[in-house]
Amino acid sequence: MASNRSLLILPGDGIGPEVMGQVRRVVDWLGMAKGVSFEVEEDLVGGAAIDAHGVPLTDATMDKALGVDAVLLGAVGGPKWDNLDFSIKPERGLLRLRKDMELFANLRPAICFNALTEASSLKPDIVGGLNIMIVRELTGGVYFGEPRGIEDLPNGERRGINTQVYTTSEIRRVARVAFDLAGKRDGRVTSAEKANVMESGILWREEVQWVHDNEFPNIELDHMYADNCAMQLVRAPKQFDVIVTDNLFGDLLSDAAAMLTGSLGMLPSASLGAPDATGKAKAMYEPVHGSAPDIAGQGIANPIATISSFAMALRYTFDLGSEADLVEQAIENVLASGKRTGDIMQAGMTKISTEEMGTAIVAELDKLAAR
Ligand code: NAD
């Protein structure tokens, strides 16, 4: 029987296809062991699409992305395509997906698995068991605001200009994503801005408060200045559940939070659009890391960030929370057993390949399912 859950897999370049191969094994396992099946299509993006079609994303692939429940992307880019014109670089494929799918909310969880607390630059008791979610506004703010540019002044100086600008609807829709997520987690949202020095920050604070009071009164909300939020993230990160913030502050805060947990090879992400009439939002899931050309083709990349991105798809697009828990538990158990890819290797642990990590996670899924 055809599945009613559709997934478009875009492995991309470099280690993308290697790590995505391990995700396919988890997808297949869910079908066989749990009867949870997906209609999976695979296509090209980035350098791979440039080589085959001359563009980083064809219209046909874009149409497919718009038609499925979720897109799962590996990574794009590499030295082979570095000298191409900006308009057809591999990254343009990614930008087009984000733009045409209108993905305005970027979700970056920072989860510190107990087995990896030693890999963090912070003390184990500060990060052990950490599980926070940063929701970053992705399509507005100072990265896109007009006017922008560099101009020559009559006195011979130059002036660089960018504009921080947000509207009511842009703030409210990303706030709704954050409150909605908090409802599926610990029920707490912290909104970060600079209302003390920026009018756009005052508006941000007022509109987030409005969404809370009118639509999510049962979620706990507090407001924090973004600089204090950065400080609190490295002082006592476990105080947070969901942090919602704008494009610029989110760029910085999510990178800082990411490093609380150790390696790039562990970090998943999701980008969501507005829900349609049926309540379903367009969504793309991808690891935070890039195509890692320095290790591509060696079979040593860590597939956990990409497998965790698929777990996010299970939870947020397909409403399969217990299956997502199962996948995350399998990852936790494999790490606890001492198996490590090179990027998270520690003394006394067993170093394994990309493929072996996939095998270990599937074996752990088998054990968990048999309980
Ligand atoms: P990168 O994330 O690809 O790699 C940074 C470092 O982390 C490298 O040493 C790499 O080996 C290591 N690393 C990354 N992922 C890993 C994994 N899963 N397992 C083990 N080690 C891992 O960043 P970069 O080197 O700055 O960029 C390389 C290419 O990727 C560039 O072409 C860049 O434009 C592109 N890029 C793409 C994306 C994306 O597709 N979303 C994001 C960032 C960079």
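Remember, it's 1-based here, ligands and their atoms both numbered in the order they're listed.
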Do me a favour and list the nearest non-hydrogen protein atom to [atom] with residue, atom name and distance?
atom: atom 5 (C) of ligand 1; result: Leu264 CD1, 3.8 Å
atom: atom 34 (O) of ligand 1; result: Glu91 OE2, 2.7 Å
atom: atom 16 (C) of ligand 1; result: Ile15 CD1, 3.9 Å
atom: atom 27 (O) of ligand 1; result: Pro293 CD, 4.7 Å
atom: atom 14 (C) of ligand 1; result: His289 CB, 3.6 Å
atom: atom 9 (O) of ligand 1; result: Asp294 OD2, 2.8 Å
atom: atom 13 (N) of ligand 1; result: Ala292 CB, 4.1 Å
atom: atom 29 (C) of ligand 1; result: Ser291 OG, 3.2 Å

Just by distance, with hydrogens left out, do [X] and [Y] show a side-chain donor and acceptor under 3.5 Å apart?
X: Thr61; Y: Asp43; value: yes
X: Glu170; Y: Thr167; value: yes
X: Asp246; Y: Gln164; value: yes
X: Tyr285; Y: Thr306; value: no

Salt-bridge criterion met for Arg96 and Asp100 (N-O under 4.0 Å)
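Here Arg96 pairs with Asp100 in a salt bridge, since their nearest N and O are under 4.0 Å apart.
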Does a side-chain N-to-carboxylate-O contact under 4.0 Å join Arg173 and Glu102?
no
Going by the atom numbers of ligand 1, which of them fall below 4.0 Å from some non-hydrogen atom of [X]?
X: Leu94; value: 39 (C), 40 (O), 41 (N)
X: Glu286; value: 41 (N)
X: Gly290; value: 1 (P), 2 (O), 3 (O), 30 (O), 36 (N), 37 (C), 38 (C), 42 (C), 43 (C), 44 (C)
X: Ala75; value: 40 (O)
X: Gly77; value: 32 (O)
X: Ala301; value: 19 (N)
X: Gly265; value: 17 (C), 18 (N)

Applying a heavy-atom cut-off of 4.0 Å, say which part of Pro287 lies close to ligand 1: side chain, backbone, both or neither.
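Neither; nothing of Pro287 gets under 4.0 Å from ligand 1.
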Side chain to side chain contact (heavy atoms under 4.5 Å, CB included), that's the test. Do Leu153 and Glu151 meet it? Break it down for me.
CA-CA 6 Å; Leu153 298 177; Glu151 59 186 30; 4.0 Å; yes
Hey, is Val19 one of the residues with a heavy atom under 4.0 angstrom from ligand 1?
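Heavy atoms of Val19 never come under 4.0 Å of ligand 1.
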Tell me, please: is Gly78 in heavy-atom contact with ligand 1, that is, under 4.0 Å?
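It does; at least one heavy atom falls under 4.0 Å.
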If hydrogens are left out, which of Val76, Ile344, Asp82 has an atom nearest to atom 40 (O) of ligand 1, that is, the closest non-hydrogen atom?
Val76
So between Asn302, Ile295, Thr341, Thr306, whose heavy atom ends up nearest atom 22 (C) of ligand 1?
Ile295
Examine distances only and state if a side-chain atom of Ser200 and a backbone atom of Val165 form a donor-acceptor pair shorter than 3.5 Å.
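Answer holds: no.
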Check: Val334 main-chain N/O paired with Glu332 side-chain donor or acceptor under 3.5 Å
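Side chain of Glu332 to backbone of Val334, a donor-acceptor pair under 3.5 Å: no, none is there.
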Within the 6.0 Å centroid threshold, strictly below: Phe38 and Phe310:
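Judged by ring-centre distance (under 6.0 Å), Phe38 and Phe310 do meet the cut-off.
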Any protein heavy atom under 4.0 Å from atom 24 (P) of ligand 1?
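Within 4.0 Å of atom 24 (P) of ligand 1, no protein heavy atoms are found.
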Taking only residues two or more places apart in sequence, or in another chain, which ones meet Arg235 in a salt bridge (Lys or Arg N to Asp or Glu O under 4.0 Å)?
none
Excluding sequence neighbours, so at least two apart, what forms side chain to side chain donor-acceptor pair (under 3.5 Å) with Asn83?
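Result, side chain to side chain donor-acceptor pair (under 3.5 Å) vs Asn83: none returned.
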Tell me, please, whether Phe240 has Arg188 positioned over its six-membered ring: NZ or CZ under 6.0 Å from the ring centre and within 45 degrees of its axis?
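Judged by the rule, Arg188 and Phe240 form no cation-pi pair.
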